[in-house]
Structure formats: C-alpha cells, structure tokens
Protein chains: 2
Amino acid sequence: MPVGFNVDEMKRLDEVVEKRRRVKQGELLFNSGDTFTSLYAIRTGFFKTCVTSEDGREQVTGFQMAGEIIGMDGIVSDRHNCNAVALEDAEVCVMPFATVEDLSRELPALQRHVHKIMSREIVRENSVMMLLGNMRAEERLAAFLLNLLQRLHARGLSQSELVLRMTREEIGSYLGLKLETVSRAFSKFSEDGIIEVKQRYVKILAPEALKKIFNPQTLL
Amino acid sequence: MPVGFNVDEMKRLDEVVEKRRRVKQGELLFNSGDTFTSLYAIRTGFFKTCVTSEDGREQVTGFQMAGEIIGMDGIVSDRHNCNAVALEDAEVCVMPFATVEDLSRELPALQRHVHKIMSREIVRENSVMMLLGNMRAEERLAAFLLNLLQRLHARGLSQSELVLRMTREEIGSYLGLKLETVSRAFSKFSEDGIIEVKQRYVKILAPEALKKIFNPQTLL
DNA sequence: ATTATCTTTTGATGTGTATCAAAGGCTTTT
DNA sequence: AAAAGCCTTTGATACACATCAAAAGATAAT
C-alpha cells in the first residue's frame, strides 16, 4: 500500500506484519480497555469502531474497509479507547506498534506514512464534527453515501452502486440520527429519484442531486 | 514538556524549535489551505481551530491552551485543513515538521511523544463525536466545562473557577448548539445553584452536580 | 420448512433546540 | 464621556428530529 519504497525497503516492511488474524462477522478485533500492542491493516472485510459512554450510549466513530488502518486510538494510553467490530468476515494484518516505530526510525518513507495516516484520521474526524454540528439529516446521509462511494471507487468498485455493510441503526449512530430518521431519509431520496434502495443495496441514480444536497451552495 | 529525556537529549530537542511567533488576539496562526510546514507548541495564549464548509458554515473543532500542540491537521496533505485563530494574545514555538521527523528518528522518546500527541487528538475527537451525536444541550455544556477545568487544573489553575476565552457563539459552534441555547444552559445551571456566571467568568459551586449532568448514570 | 429474531419502513405524536425578536450590558472607539 | 459595536440574555414561536407504535420484510435458527 505505502508508496515511495524501493525493493529493499519493501522487504523490510514485511517484518512489520507479525501475522494475520481472521475476525468473523460480529466479533471484536479489539475492545475499549484492551492493552494496545498493534495496529491492524484491514486486508478484507469491513469494520465499525465505536465508543460507549458510561451510561451505555454508543457512538459509532467510523467505518473502515480494506486497505485502511485501525487501532491508532490505543497509542496515547497503551489501551484501546474504542471497540472495533467486524461487520463482515474479515482478515487483518497485525502490525505490532513497537515494530512499526523501530522500522519507521530507519525508513523515513514509513515514518512519513504513519504520520499521514494519523493526520488523515484527525482531518476525517474534523469533517464528521462539521457533519454532526451543522448539517441536517438528509445532508448527513448524502455526505455519508458520497464518502462511502468515493472510498469504494478508489478500490476499483462502482461509483454508482454499493451494498451497505451496516444497519440503519449503525448509520444513524455514526450520523447522530435515529434509525427511523435514516430510513426516512433513504425513502425521501428514493421518492425523489435520487437513489434506488432495496434493503442494503443502494444504487445512485442522480449523483449530482446527492452532491447538491450535501453541499447546497452549489445551487448558486 | 515531554518527559523521558536526558540532558543531552533535551539539548537536541532545542534544535526543533526554529523560532517563536507572536499572534495577536483575533489573528490567524494558520489558515485552511496554507502550506503546512510546522507544528506549533503554544507557550502562552488560547486558540480555537475551526473548519468551514463550502457554503460558509463554521464548525469549531477545538480550543487549545498553553502546552498543547496545534497543526497536525496539515500533515496528511501538506496543507492545513483548518483555521487556527488566537482568542487572546499568544506566543507559539514554531517547530518545522521536517525537523521533528528527522529528530524523532534519532530520539525514540520524541518519536513516541509525537505519536501519542496525535493519538490523543484522535481520541479527543472521538469523545466530541459522542458529545455531538448523543448528548443534550446541558450535558454538552457540562462536559465542556469539566474538560476545560480539568485542563486548567493540570496547569496549576483553580479547579473551581475559570474565565472563558471564547464567546457563547464559539462554545455553541464547538458543541453543535446555537448561542442562545448555550446562554440558556448557563442560566439554567446558575438558577440551579450549580455555577455562578458573570459574563466570561464562571465559578463552579457544585462540581458533583455538574458531573451528574454530564454522566447521568452516576445517579444510579 | 417453520419459527423466531432482527431489521426496516411508515404513521402519529411529542419535544428539544432553532429561529426570530428585542432589550440590556460590556467593551472599544473617537 | 459619548457613541458605536459587539456580546449576552430572555421570551415567543416554529420546526426538525425523536419517540412511540405497529406491521411487513429479511435473516438466522431449529
């Protein structure tokens, strides 16, 4: 995945992957409170991460797919600060963080890569804050769909259709909405001819309309 | 600030600080879109960071005080992805990120420190997502006050009083609320004898009550 | 296959916060 | 010291989303 390495460096990089681990749908990759030892590179499958308040409220903090790195929440306190749950059968590369640190002292390109991945996560969360703080239900769902599509497209999949790996409730938790509101927004988009929905399957009929909902200023 | 360095290492660390920079109240330390070159360690003063959507909506993503590091949003794309505005006259240490990376390859304790700072920011943003997605207005304000107090206390200031550096509108933007709602929540806390408010000055009369509002499960 | 469980949709109603509006209190400027 | 400009408070009203409820549709279990 990382670019900017020569053949020799790529060999060194293999050192970082200790082993692989399979996680079945519904199972935890790690739990909040678990000792942090490793980052995980998702090879296949789909995850959600979420935090839970002491009184039991759950907030989905992200959805992660193949090629993405998970577990950076654990670095600060040597314990994980969120839960990671597989939403479909998954396989991850276990990368002991001590090894990542050792190797990135020798390989500036790896060091840079690690920094960028963490910075990207910070920037992503900034835009989720914008979403949660300033946008209405339909804007949030449009933003969510566009983001998923863009990431799937970057992996060679279609720009115009996708199969959701999460429930309406999980989407709602991520977007700060109740599942009924998510369902209604899907129905609205469908009525307006913007998308076609059949359960988890979603086909985008009018991507421009979706972008306008996400970013109303485009109307000007 | 960082711990775990010996005298020699501390000398090396001085290399990382290129110079200092003063930022007057209301001025920008950096702007979204600016080329990213450096992280900034706040020596004195108080900042807010915010992102702006294309149609002009602003979301405050954080408030930063002395001893905190700002600018990590720029690493991923070599451009800053948010604005940093001084809410009072401030002075920062400019730390060119290339130097930080060079030096952290030689000093594992610095490397570790950089990783922890970024991870801490990820974890902080996770809890803001919980706040924005799941909590009501008064819970959000209680959480906000408790967080500020805790950080001020860690800097040797009082646990029971503080002077806000930001307006009701900026608090509202951070908490996903309108300024009137923030004002009403302050008034409610004041009526209930939990705090005393006089403009930007806030005194905590009943810290336990505040904690209960933030975390209702404690009532059990 | 058949039952049980989970997920999704849709409707009716309720509520927390936004919006609109106006006045008063600070702060800064001149 | 007066004027101008912000910031804050408080009230009245509106609205977006939550909540409650029920049924239909998938999915998993026996």
May I have the distance from [X] (atom [atom1]) to [N] (atom [atom2]), rounded to whole angstrom?
X	N	atom1	atom2	result
A/N134	C/dT19	CG	P	10 Å
B/K188	C/dT17	NZ	P	11 Å
B/R57	C/dT19	CZ	P	11 Å
A/K178	C/dT15	NZ	P	16 Å

#### Entry: Passing candidate, side-chain contact (heavy atoms from CB on, under 4.5 Å) with B/I69, options B/E121, B/M95, B/Q64, B/R120
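Among B/E121, B/M95, B/Q64, B/R120, the one that satisfies the side-chain contact (heavy atoms from CB on, under 4.5 Å) with B/I69 is B/M95.
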
### Parallel, tilted or perpendicular: ring planes of B/F63 versus B/Y174, cut at 30 and 60 degrees
perpendicular

### Query
Is the A/F36 ring parallel, tilted or perpendicular to the A/H80 ring (thresholds 30°, 60°)?
perpendicular

### Query
Measuring from B/L177:CG to B/R184:CZ, what's the distance to the nearest 0.5 Å?
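Between B/L177 CG and B/R184 CZ, I get 11.5 Å after rounding to 0.5 Å.
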
### Task
Any chance you could measure A/L210, atom CG, to A/L149, atom CG, to the nearest 0.5 Å?
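Spacing of CG (A/L210) from CG (A/L149) equals 7.5 Å.
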
### Task
Could you check B/A137 against B/Q25 and say which one's nearest nucleotide on DNA chain C is further toward the 5' end?
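Whichever sits nearer the 5' end wins; that is B/A137.
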
### Query
Going through the distances and angles, do B/R155 and B/E68 end up as a salt bridge (charged side-chain N to carboxylate O under 4.0 Å, His left out)?
CA-CA 11 Å; B/R155 284 159 181 76; B/E68 295 179 335; 3.5 Å; yes

### Message
Taking A/E208 first and then A/K211, would you say they form a salt bridge - that is, a charged N and a carboxylate O separated by under 4.0 Å?
### Response
yes

### Message
At 4.0 Å (heavy atoms only), tell me whether B/G176 reaches a base, stays on the sugar-phosphate, or touches nothing.
### Response
sugar-phosphate

### Summary
With sugar-phosphate taken as primed atoms, P, OP1 and OP2 and all else as base, the protein-contact string of nucleotides 7-13 of chain C at under 4.0 Å (heavy atoms; B, S, -) is SSBBBB-

### Query
chain A on DNA chain D: first and last contacting nucleotide, 5' to 3', under 4.0 Å to a heavy atom?
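Nucleotide range in contact with chain A: D/dA16 to D/dC20.
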
### Task
Name all residues meeting the salt bridge (Lys or Arg N to Asp or Glu O under 4.0 Å) criterion together with A/E88; count only those two or more places apart in sequence or in a different chain, and write none if there are none.
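A/E88: salt bridge (Lys or Arg N to Asp or Glu O under 4.0 Å) contacts with A/R165.
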
